[in-house]
Structures are given as structure tokens and as C-alpha cells.
Number of protein chains: 2
Amino acid sequence: MSSLLDQMIEQAKQSTKQTLKQKKIVETAITLFAEKGYSNTSTSEIAKLAEVSEGTIFKHYGTKDNLLLSVILPFIKESLPAMAEEVFKETLTENTLTFDEFLRAFLKNRRDFFTENKEIFKVMIKEVLYKEELRNEILPFLYENISPRLRHAVEFFKERGELTDIPADTMLKNLLTMIGGFFTSRFVFLNKASISDEEIEEMIWFVMNGLKK
Amino acid sequence: MSSLLDQMIEQAKQSTKQTLKQKKIVETAITLFAEKGYSNTSTSEIAKLAEVSEGTIFKHYGTKDNLLLSVILPFIKESLPAMAEEVFKETLTENTLTFDEFLRAFLKNRRDFFTENKEIFKVMIKEVLYKEELRNEILPFLYENISPRLRHAVEFFKERGELTDIPADTMLKNLLTMIGGFFTSRFVFLNKASISDEEIEEMIWFVMNGLKK
DNA sequence: TTAAAAAGTGAGTAATTACTCACTTTTTAA
DNA sequence: TTAAAAAGTGAGTAATTACTCACTTTTTAA
């Protein structure tokens, strides 16, 4: 049996054309899952709000679980990494950049991306926490997708003598903790509409300089 | 109508004596809520595992929601703050401490506390994310309980000239992000059994010194 | 020792939920 | 234009769930 991720990517490829009602279902599901969680959202409620019959949901998605996967997996498997790849390419070049400039570009890009995809980001975080089988699939994938790139960046700037001598692994771990905590707390726990440039600058300062005088 | 928190504290005071079966119900609920979330746990399942009749749960707790509150509110309202107050008292004195020593003592104390109360901590994080009315009650309470104390500590060490000149508010915000991200990621997202002293040291180093050379 | 109070039981209930399927409507392609 | 395919419907179903309540058992207190 291949993984959830692989299955759903296959399925996504086969169904490239979506009817208007399918789109409406997905949009509504995203909204409700983000707001109250998957487990507290009924297919009946989704159908009513999307102005479709409940049977239509099952016609297209088979099960409620598959609807959830249809909502978050394209995001996780494709949008998230593609955009991340882009920003690494643009920011990690030979010219002129310092690590904090890299970090600034990276954080602002991720900030913008999550701001636009706030609802799906919320669904993802909630369900990663609430559904163990999702967690076991998605967390490793996210880690494997982000970690090597960020690590490469860290090593790049360490070689340029910009960063301290502590091991790259250790830096990476703490950086991921901070970045993950930053976006999750603002967008999910505190439900903020957006994150200001100023807040990003403060966080960069914290990460680069620490608290000690 | 008084807040959820106040209601439940009143209720907790009235029912000081718990039968063995009540204890069993609460323990089982904690385990299952931590593992699969409140919404994915049925009262029937709790009853079976606790080896009580389902009616017994309702005899003592009235509703499933009240059972959840009975599980987490004592923890949130009493254990968590009492222990935190203790560590602030012990560590914030006139003699001999640096900010990183304060931080070390604080983090280790919290680490030990959450290690011992891991299941309830998990329940709390999951339900704060999943149930909006809980989030609206508990997050402000947690913030109001921790923030002034931590802020006081930050200001204390700023006056002693140990910390940089950035505003205490900014420090506090980033510190809370890092600390919250640290414990939530390790205990809840990654489901780690414990956090080593070494990992705490690395995090302190990160927070105190930053990444810049 | 015994009656009253408290604790506990488990069958049953109303409500809810994910899902099915016979049928209808809309779209497609020849 | 028309038959076939695709999309959509909504009543119904089996399963599940939180909860009730008449009854039984255990504990308490006089």
C-alpha cells in the first residue's frame, strides 16, 4: 500500500477539471475545517453552506476523509514546496546577501504565502495535531522538504563566516522551532489577520543577536 | 454569566472527594483525549476503558463537555500557575543570578512539570486549537498569568545591564514564541517522551547569543 | 442493625452522522 | 438533434453518539 500522499497525488492528477460545485465544496470545507476543525464539521453543514446536495460531496470525494485530503494535500505537496523552492533559489545566490537578508526574504515570502493561504494553513496545523495518521505522514514530509534547504542556507553562511560555530544541526533545530512557533502562534493560536514587517524585523533581530548584551 | 473558568473552579471546590471510579474516569479521559482528541473520543469508549458504566460518567460530570473541563481546568487554573509562581520566587532573587541562569531554572522547571503532566498538556494544546470558546478563555488566562512574571524578570535583568536595549515587550514576545514553540513542538507535535538538558542548553544559547558571529 | 443517601448500572432514546442509491437534470459528443 | 455520459439530488439507512432514567448495589450515619 503506497502512502496517503502518493495516493492523493495520483488522484489529483486524474481529476484536473473541477466543476463549479466541486470548487464550492472545497472552498466551503476549507472555511469550516479551519474554523471548527474537521471532526466538528459535518458533511451536511458543508453541503448546506456550499448550496449543493450532500450526495454531491460523496459523488466527487467518496468519503469525508478524502475530502479533507483533497483540501490539504495539494497545498502540502505542491504549493508549499514549490514556493519554498522558489524563494531559496532567489535568495541563495553568490551576490551580496547576508544571512539576515536571506532570513528576511524567506520569512516575508512565507508570511505572504501563509497570509494568502491562511485557512488551509489552519486546517493543516489543526489536523496534524488531531489526526495521528496525518501527523505521521505530513510532519516527516514537511521536515524533509524544508530542512535540507534551510540547512544548506545555514551552511552557506557559516562558510562565509557570518554565523557562530555551533553545529548547523543545532542552529537548524532552534531556527525551525522559532519559525514554526512564529507562524503557528500568530496565524493559528492568535488568529491574527496578518504579520507586520516590523514584527518580522524584531524576530530577525532576536534570532541573529539574541538577548545578551 | 460568569466565565467558564470561574464556574468550574466553583464546581471543583464543591467536589473535593472523588470516588475511585471518578478517578478512573478522569485518568482514562486524559489518556484518550490526549491521544485522539476530545471530539474523536466517545463517552462509551471512556466508560469501557475505565471499566465503569457509561451512566456513571454522566452521573458525576453531567455532560461530556464538563468532563473535559474537569480534566483540564484544575491543571490550567491551579497547578500550572502555582508551580510557575514557585519557580519565579526561587529564581528571581538579588543574589548571584544571571538571566541565562534564570532562564535555565525556569525552562528546566517547566520541562519537568510538562514531562510529568504530558497528557494534560497535550489535551490542553489540542483543545485550545480545536475549540474556539476554550481558546478564547484559556489563552488570555495563560498570557496574563505568565507574561507579567516573565516581563518582570526581563526588566529585572535589563536594569542590571545584562540584556540588550530592545524594548522589554519585544523581548517578551519573542521569548514567549520561542518557549511556546519549544514545548509544543517537542511534546505535542513530535510526541517526544522528554527533553534533555542538552537541548535546553542549546536553546538557551540560541536565545542569549543569536546566530550572528 | 437498618434506613437513607450515594454511587453505580445498562437498556433504551432521540438526535446526529457519513454515506447510499434510484432517480432527475445537465452536459457532451457524435 | 439526440443518445450517452456526467453531474447532481434528496430521501432514506445503518451506525454512532451523548445522554436519560428506572432500578440495583454500596456506603453512610444514626
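Below, chain A is the first sequence line, B the second, and so on; all start at residue 1.
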Exercise. Give DNA chain C the dot-bracket treatment, 5' to 3': Watson-Crick (N1-N3 with N6-O4 or O6-N4) or G-U (N1-O2, O6-N3) under 3.5 Å, [ ] crossing, | other strand.
Key: ||||||||||||||||||||||||||||||
Quiz item: Can you check the B/E54 CD to C/dG8 P distance for me, whole Å?
Solution: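 It works out to 15 Å between those atoms.
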With sequence neighbours excluded, what pairs up with [X] under the side-chain contact (heavy atoms from CB on, under 4.5 Å) test?
X	result
A/L139	A/V128, A/R135, B/F189, B/L190
A/K64	A/Y38, A/T43
A/F99	A/F102, A/L103, A/V154, A/F157, A/E162, A/L163, A/L175, A/M208, B/L211
B/S194	none

Quiz item: Picking from C/dA18, D/dG8, D/dC19, which would you name as closest to the side chain of A/F58?
Solution: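 For A/F58, the side-chain atoms sit closest to C/dA18.
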Quiz prompt | ring pair (Phe, Tyr, Trp, His ring centres under 6.0 Å) partners for A/F121, two or more places apart | solution =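 Once residues adjacent in sequence are excluded, the partners of A/F121 under the ring pair (Phe, Tyr, Trp, His ring centres under 6.0 Å) criterion are A/F114.
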Exercise. Could you pull out all residues at least two apart from B/F75 that satisfy ring pair (Phe, Tyr, Trp, His ring centres under 6.0 Å)?
Key: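 Ring pair (Phe, Tyr, Trp, His ring centres under 6.0 Å) list for B/F75, sorted by chain: B/F113.
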Quiz prompt | Under 3.5 Å side-chain donor-acceptor pair for A/K122 and A/N191 | solution =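 A pair is found: one side chain offers a donor N or O, the other an acceptor, under 3.5 Å apart.
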Exercise. Tell me which residues in residues 41-53 of chain A put a heavy atom below 4.0 Å from DNA chain D, sorted by number, or none.
Key: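 Here the set is A/V52, A/S53.
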Quiz item: When you measure from every atom of DNA chain D, which of residues 25-38 of chain B have a heavy atom less than 4.0 Å away?
Solution: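 By residue number: none to list.
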Self-check item: With sequence neighbours excluded, residues passing side chain to side chain donor-acceptor pair (under 3.5 Å) with A/R186
Solution: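 Side chain to side chain donor-acceptor pair (under 3.5 Å) list for A/R186, sorted by chain: A/E199, B/T177.
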Self-check item: For A/E127, all residues meeting side chain to side chain donor-acceptor pair (under 3.5 Å), sequence neighbours excluded
Solution: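 Side chain to side chain donor-acceptor pair (under 3.5 Å) check on A/E127 returns B/Y130.
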Practice problem: Would you indicate whether the side-chain heavy atoms of B/F106 and B/I179 approach each other to under 4.5 Å? | Solution: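 The answer is yes, as the side chains (C-beta and beyond) meet within the 4.5 Å cut-off.
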Quiz item: Can you tell if the side chain of A/L142 reaches within under 4.5 Å of the side chain of A/I76, non-hydrogen atoms only?
Solution: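 A side-chain contact under 4.5 Å exists here.
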Quiz item: Contact class for B/K59 (heavy atom, under 4.0 Å): base, sugar-phosphate, or nothing?
Solution: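 It contacts base atoms.
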Could you go through nucleotides 23-27 of chain C and list every protein N or O atom that sits under 3.5 Å from one of its N or O atoms, giving the distance for each pair?
none

